[in-house]
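Quick caveat: nothing in here was measured; it's all calculated off a predicted structure.
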Amino acid sequence: MSCDLSFSHLLSFVGKQIVVSESFNQSTRGVLKVVDPETCTCIVVTESAIRFIPRPSIIRITEQSETDPALTASSVLFDTRISSVESVQQSAESLDKRKNTVLHVLGQNRLPFEKSHDRILVLGCVEIHPPYGPESCYSANEIVLRKIRSLLS
């Protein structure tokens, strides 16, 4: 019996509870989360694990007629973990963007600065730390500190 296992067919099962019949009489029951467009490898979230199932080992894929609450909970947990990873990546990108903005403002105002790791030293006396806002500026010289903070506001 021939079964359509093309990328577009597999894609129609994303987000649904499925049963994947695999070679060696093995089957996996879970929620299909992702299909790799190049290799057609399927990422399936089961009750207890995340399985990567390569296309050559898939014999048949069918949608489950009844939904399993445990699989739904596992799928939601997977989505939560993925979104938290994405938010960390986005916050790192926004932090880098903010740092570049601060460096641009300092350069436009012709203020000498030095970069070291994640810290910026301005005029040799004001340190700017992440997240590079006015509240992240530190100095013993209150007059210079106030000026730098007003520039970053």
Side-chain angles (χ1 to χ4, degrees), residues 4-20 22 28-58 61-64 67-153:
D4 179 20
L5 294 174
S6 65
F7 173 71
S8 58
H9 181 71
L10 292 173
L11 204 56
S12 68
F13 290 103
V14 170
K16 298 178 181 173
Q17 291 188 10
I18 57 163
V19 176
V20 180
E22 302 172 61
T28 301
R29 201 172 58 96
V31 177
L32 180 63
K33 297 309 277 184
V34 179
V35 179
D36 178 51
E38 213 168 290
T39 64
C40 288
T41 297
C42 296
I43 299 176
V44 179
V45 176
T46 67
E47 285 183 39
S48 59
I50 298 171
R51 296 247 1 253
F52 291 78
I53 306 172
R55 161 61 190 89
S57 69
I58 299 173
I61 186 166
T62 55
E63 186 175 351
Q64 280 188 246
T67 59
D68 183 348
L71 285 178
T72 304
S74 295
S75 178
V76 169
L77 181 61
F78 175 82
D79 292 341
T80 303
R81 287 185 178 164
I82 292 298
S83 65
S84 68
V85 168
E86 289 171 349
S87 69
V88 167
Q89 289 172 339
Q90 288 172 353
S91 64
E93 290 170 4
S94 65
L95 186 63
D96 199 37
K97 185 178 178 184
R98 176 68 184 157
K99 181 180 180 181
N100 290 334
T101 301
V102 168
L103 294 174
H104 181 72
V105 167
L106 295 173
Q108 277 185 325
N109 287 283
R110 299 176 192 239
L111 295 170
F113 62 88
E114 297 174 22
K115 298 183 289 183
S116 66
H117 302 289
D118 61 348
R119 181 184 69 116
I120 303 169
L121 182 64
V122 184
L123 296 169
C125 66
V126 179
E127 288 187 11
I128 306 173
H129 297 270
Y132 306 108
E135 69 285 346
S136 303
C137 300
Y138 305 96
S139 178
N141 187 329
E142 288 294 322
I143 296 169
V144 176
L145 180 62
R146 198 172 326 121
K147 297 280 185 185
I148 297 297
R149 282 184 172 166
S150 69
L151 272 176
L152 300 181
S153 297

Pairwise distance NZ(Lys97) to CD(Glu93) - rounded to 0.5 angstrom: 10.0 Å

Reported CG-to-NE2 distance for the pair Asn109 and His104, which is rounded to 0.5 angstrom: 9.5 Å

Closest approach of Phe113 to Leu106 (non-hydrogen atoms, all atoms of both residues): CD2-CB, 3.8 Å

Atom pair CD (Glu22) and SG (Cys42), whose distance is rounded to the nearest 0.5 Å: 9.5 Å

Pairs flagged by ring-ring contact (aromatic ring centres under 6.0 Å, His included) wherever residues 133-153 is involved - sequence neighbours left out: His129-Tyr138

Main-chain N/O of Pro134 paired to Arg149 side chain as donor or acceptor, under 3.5 Å: yes

ring-ring contact (aromatic ring centres under 6.0 Å, His included) partners of residues 29-53, not counting sequence neighbours, each pair once: none

Within residues 106-131 or reaching into it, pairs that qualify as salt bridge (charged side-chain N to carboxylate O under 4.0 Å, His left out) - sequence neighbours excluded: Arg119-Glu127

Closest non-hydrogen atom pair between Leu32 and Ile43, with its separation: CD1-O, 3.5 Å

Salt bridge (charged side-chain N to carboxylate O under 4.0 Å, His left out) contacts in which one or both residues fall within residues 128-142, not counting sequence neighbours: none

Heavy atoms of other groups near Lys99 NZ, more than 12 under 6.0 Å: yes

Any side-chain heavy-atom pair of Thr39 and Arg55 under 4.5 Å: no

Where Pro37 and Phe7 come nearest, the two heavy atoms and their spacing: CA-CE1, 3.3 Å

Asn141 and Leu123, any side-chain heavy atoms less than 4.5 Å apart: no

Spatial distance of atom CD1 (Ile53) from atom CD1 (Ile58) [nearest 0.5 Å]: 6.0 Å

Pairing residues for Tyr132 by the ring pair (Phe, Tyr, Trp, His ring centres under 6.0 Å) criterion, not counting sequence neighbours: none

Donor-acceptor under 3.5 Å (Ser139 side chain, Cys125 main chain): yes

Salt bridge (Lys or Arg N to Asp or Glu O under 4.0 Å) involving Arg146 - partner list, sequence neighbours excluded: none

Stepwise side chain to side chain contact (heavy atoms under 4.5 Å, CB included) test for Cys137 and Leu152: CA-CA 9 Å; Cys137 300; Leu152 300 181; 3.6 Å; yes

Heavy-atom side-chain proximity of Leu5 to Leu10 below 4.5 angstrom: yes

Gap separating the OG1 atom of Thr62 from the CD1 atom of Ile18, nearest 0.5 angstrom: 8.0 Å

Heavy-atom pair of closest approach, residues Val105 and Leu151: CG1-O, 4.1 Å

Interatomic distance, Ser153 atom OG to Ile148 atom CD1 [nearest 0.5 angstrom]: 11.0 Å

